[in-house]
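Here the structure comes first, spelled out in structure tokens, and everything after it is commentary.
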There are 2 protein chains.
Amino acid sequence: MANKEVTIKDVAKLAECSPTTVSRVINNSDHPVSKDTAEKVEAAIEKLNFSPNRIAQGLKSDKSNIIGVIVHDICDSYFAQMVKGIEEFISGHEYIVNIYNTSRSVEKELYAVSMLKANRADAVVFAGGALMDKEYEKKMYSIVEQLKGQGTVLLGVTPHPFDINNISLGNKKAAAIIADYLVENGHRKIAFIDGPEKLYTSYLRREGLKESLLKHDLDLEDELIFPGDFSFEGGRKAALKLLDKIDEITAVVGANDATALGLIWELNNQGIKVPSDISVVGIDDLPEAKYSYPPLTTISLPIHQLGTNIGKYLLESLTSDQITDLINIEMQLIKRKSVKKLG
Amino acid sequence: MANKEVTIKDVAKLAECSPTTVSRVINNSDHPVSKDTAEKVEAAIEKLNFSPNRIAQGLKSDKSNIIGVIVHDICDSYFAQMVKGIEEFISGHEYIVNIYNTSRSVEKELYAVSMLKANRADAVVFAGGALMDKEYEKKMYSIVEQLKGQGTVLLGVTPHPFDINNISLGNKKAAAIIADYLVENGHRKIAFIDGPEKLYTSYLRREGLKESLLKHDLDLEDELIFPGDFSFEGGRKAALKLLDKIDEITAVVGANDATALGLIWELNNQGIKVPSDISVVGIDDLPEAKYSYPPLTTISLPIHQLGTNIGKYLLESLTSDQITDLINIEMQLIKRKSVKKLG
DNA sequence: TTGTAAGCGTTATCAC
DNA sequence: GTGATAACGCTTACAA
């Protein structure tokens, strides 16, 4: 910007009419405009390469056309998929998709939300899971309420500790399905590579596994829960720590696919065969999950489709008055080659 | 938005002063304000949870605080890295990072740019390579000129066919380094898996390889150039086509890492050993390149750092008057295990 | 069918 | 130190 901008006035002057008329033309207003003037206006717009200043329109209409998307890490395939889905749907409808990477830092989450508030975002998607942190909960609660006061459409993926519409991803259920499947295949001693410590999603997946195992009278022992961080590297490191207990266990569940993939890689690297020596399962079904050695058995959460659903939901909430459908995500156990059936 | 927004007037009323004074406080203006009133204003801001409407500020100051980033596909690790780098730097400075996925479609590229124009973006990064397409060149040229007229800061990664500041990634040089290395290792018959057809980056990498091979009196034969699309899947498909010629060639260059990785995977899958049966090289050095079987020899382009450099450059161009440094990217041959030294 | 004027929330200019 | 007022580019009553 900064330089000289073509405004509605310039168009009006060239078309020899008032700015009002120009406005009516560009907005296809139902207020009548004679064909003659309309054509003159169109011609002027064309000639001047005019496009209405959406900032100004936004100020007037009390809409920013900004949709904030808060993720933990766009380099994580999981988030990239989701963001892409959202963007596909939303950005084609003249919205600005504004992303924030927070690295699961409380500070950055708060920063993102305050920016979004200051920019009067029309909608905000909390695409990353909630943080289990007192400060996060308290301050987020407050600012989210302010956002609501502004009329912002809010949507969370997985539960969040403030009062917004949350899409359930069925994290507990996913882990439960895995537990059942593993037990069904004769596994009794199962280890778990955890997700990020403060992340609620980690908690849900861990507890889901624990609870379901308990139903089979099995324990997820504390010393078989290894720390992780939802990353490939985290999975690799966990594999190294797992080595000590490798003879005690027959299967490992990674808190997500990235973890499971890193796990498999390092296990292979250490000469341990998957699944003959040990079985591995993940959650997410990332595109790369089918290309590991062996291909990863996992739970598919259709993340990209979730993204487009989110986009659709937002668009409906923002523009139409009809009640929008709930968003349902169907998960599915994808049986590939990383689990062995035990005698 | 839509509901009731807290404005500077509300703050003024509560602090018993004029909006002007409030404005001076929130902007740390050098215009004097008594300590007393300043405190009352601060208190009122606190109490009302006021944050200035950046849309309105933008209208006034002729700045949108929007930085557009146009990529081909955010799910592509290459772009995810770059966007993350840009976002890290930029978004912390109160800018809105607005991304567009264009899937290398002329239409979507144009759409993105016109949106960015309408939103009076302060800066636009053409993060994806240029398309080799007449319509793209012509229409882009026109709208880019309009953007320039608005004072938008423009930056291209790799050359673009319109007059903007472009960062050279050294695509030709990267391919040349690979050619030299392969020849040095005794390879004479080399195949190439191409990138997307209309993409200028593909052209550069292909020509770089061709030219450098020629210096060694070697030919990159047309029938040894296989189509690809910069994706893992594309690499896999190419591997299948390559099978026919497998006995003629000793090495394959993937136009990027994703391609090379897909190639290696499918080659393994077909029982062909890398590098003992055939050598494979990529370009980019994605994080995942070191985890293939065998780890991929490639050229490292520090994409994430490039992203932060871009962020820095934009910020400087936008805010400071001092001349900004050029952005230099150092490439490097990363020798891993996918190339065999021939007799 | 067209146009005038007020106002969206902010800030720069110019008084006082 | 403080505050009216106009203006940014646009839209929306309200007139004509």
Side-chain angles (χ1 to χ4, degrees), chain A residues 1-41 44-45 48-66 94 117-120 122 150-151, chain B residues 1-41 44-45 48-66 94 117-120 122 150-151:
Chain A
M1 315 197 46
N3 284 24
K4 59 264 156 163
E5 165 169 2
V6 180
T7 78
I8 206 172
K9 284 184 195 165
D10 301 317
V11 177
K13 200 171 293 173
L14 186 59
E16 296 173 310
C17 67
S18 73
T20 307
T21 305
V22 178
S23 172
R24 297 206 251 255
V25 173
I26 60 185
N27 293 307
N28 295 314
S29 152
D30 22 344
H31 192 105
V33 176
S34 82
K35 209 173 172 194
D36 239 39
T37 24
E39 274 167 10
K40 265 162 63 178
V41 169
I45 289 175
L48 299 174
N49 286 314
F50 169 76
S51 51
N53 184 331
R54 307 210 90 222
I55 304 277
Q57 289 182 318
L59 182 60
K60 192 76 190 100
S61 63
D62 208 17
K63 289 181 82 268
S64 62
N65 300 305
I66 292 172
E94 315 233 309
K117 185 199 166 198
N119 283 297
R120 306 299 189 264
D122 291 341
Q150 284 182 183
Chain B
M1 317 201 37
N3 284 25
K4 59 263 157 163
E5 165 168 3
V6 180
T7 80
I8 206 170
K9 285 182 194 167
D10 301 317
V11 177
K13 199 171 295 173
L14 186 59
E16 297 174 307
C17 66
S18 72
T20 307
T21 304
V22 177
S23 173
R24 295 206 252 256
V25 173
I26 61 185
N27 294 305
N28 294 314
S29 151
D30 23 346
H31 192 106
V33 175
S34 82
K35 209 172 172 194
D36 239 40
T37 26
E39 274 166 10
K40 264 160 67 179
V41 169
I45 289 175
L48 298 174
N49 285 315
F50 168 76
S51 51
N53 183 331
R54 305 210 91 223
I55 303 276
Q57 290 181 319
L59 180 61
K60 193 78 187 92
S61 64
D62 207 17
K63 288 181 84 266
S64 63
N65 299 306
I66 292 172
E94 314 234 310
K117 186 200 166 197
N119 283 297
R120 306 300 190 263
D122 291 340
Q150 284 182 183

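Note that the structure is predicted; figures quoted are calculated from it, not measured. No hydrogens, no waters, no symmetry mates; every other heavy atom, side chains included, goes into these values.
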When all nucleic acid strands are considered with a 4.0 Å heavy-atom cut-off, which category describes B:Thr20: base, sugar-phosphate, or nothing?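 It contacts base atoms.
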Should B:Ile55 and A:Ser64 count as side-chain neighbours, where that means a heavy-atom distance under 4.5 Å?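 Sidechains of A:Ser64 and B:Ile55: in contact.
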Does a side-chain heavy-atom distance below 4.5 Å link A:Lys117 with B:Asn49?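 They are in contact (side-chain heavy atoms under 4.5 Å apart), so the answer is yes.
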When the distance from [atom1] of [X] to [atom2] of [N] is rounded to whole Å, what number comes out?
| X | N | atom1 | atom2 | answer |
| --- | --- | --- | --- | --- |
| A:Lys60 | D:dA7 | NZ | P | 17 Å |
| A:Asn53 | D:dG9 | CG | P | 7 Å |
| A:Leu59 | D:dC10 | CG | C1' | 8 Å |
| B:Lys13 | D:dG3 | NZ | P | 14 Å |
| B:Ile8 | D:dC8 | CD1 | P | 19 Å |
| A:Asp10 | D:dG9 | CG | C1' | 11 Å |

With no hydrogens and no angle check, is any side-chain donor or acceptor of A:Arg24 less than 3.5 Å from a backbone partner on A:Val22?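 Flag not set: sc A:Arg24 to bb A:Val22 has no pair under 3.5 Å.
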Rounded distance [0.5 Å steps], [atom1] in [X] versus [atom2] in [Y]:
| X | Y | atom1 | atom2 | answer |
| --- | --- | --- | --- | --- |
| A:Glu5 | B:Asp62 | CD | CG | 6.0 Å |
| A:Ile66 | B:Asn119 | CD1 | CG | 8.0 Å |
| A:Gln57 | B:Leu59 | CD | CG | 11.5 Å |

Show which side-chain atoms of residues 25-32 of chain B pair as donor or acceptor with protein atoms under 3.5 Å away, not counting sequence neighbours.
residue: B:Asn27; atom: ND2; partner: B:Ser23; partner atom: O; Å: 2.9
residue: B:Asn27; atom: ND2; partner: B:Ser23; partner atom: OG; Å: 3.3
residue: B:Ser29; atom: OG; partner: B:His31; partner atom: N; Å: 2.8

So which one's nearest nucleotide on DNA chain C is more toward 5', B:Lys9 or A:Thr21?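 The answer here is A:Thr21.
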Within the structure, does a side-chain N or O atom of A:Gln57 lie under 4.0 Å from either OP1 or OP2 of D:dG9?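 Answer is no, no contact under 4.0 Å.
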Measure distances between side-chain N and O atoms of B:Arg24 and base N and O atoms of D:dG3, and say whether any donor-acceptor pair falls under 3.5 Å.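 Yes, the side chain and the base share a sub-3.5 Å donor-acceptor pair.
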List for me each residue that meets salt bridge (Lys or Arg N to Asp or Glu O under 4.0 Å) alongside B:Glu94, sequence neighbours excluded, and say none if there are none.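 Only B:Arg54 meet the salt bridge (Lys or Arg N to Asp or Glu O under 4.0 Å) criterion with B:Glu94.
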Mind running a 4.0 Å heavy-atom check of residues 25-40 of chain B against DNA chain D and sending the residues that fall below it, in number order?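 Residues of residues 25-40 of chain B under 4.0 Å from DNA chain D: B:His31, B:Pro32, B:Val33, B:Ser34, B:Thr37.
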Quantified as the angle between the terminal helix axes (five pairs each), what is the overall bend of the helix from C:dT1-D:dA16 to C:dC16-D:dG1 to 10 degrees?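 Between the axes fitted at each end of the helix from C:dT1-D:dA16 to C:dC16-D:dG1 lies an angle of 50°.
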Where does the chain A footprint on DNA chain C start and end, counting 5' to 3' with a 4.0 Å heavy-atom cut-off?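 Range of nucleotides touched by chain A: C:dT1 to C:dG9.
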With sequence neighbours excluded, what pairs up with B:Ser61 under the side-chain contact (heavy atoms from CB on, under 4.5 Å) test?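 Testing B:Ser61 for side-chain contact (heavy atoms from CB on, under 4.5 Å), a comparison that skips the adjacent residues, returns B:Lys63.
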Review item, side-chain donor-acceptor pairs of residues 6-17 of chain B, under 3.5 Å, at least two apart:
residue: B:Thr7; atom: OG1; partner: B:Lys9; partner atom: N; Å: 3.0
residue: B:Asp10; atom: OD2; partner: B:Thr7; partner atom: N; Å: 2.8

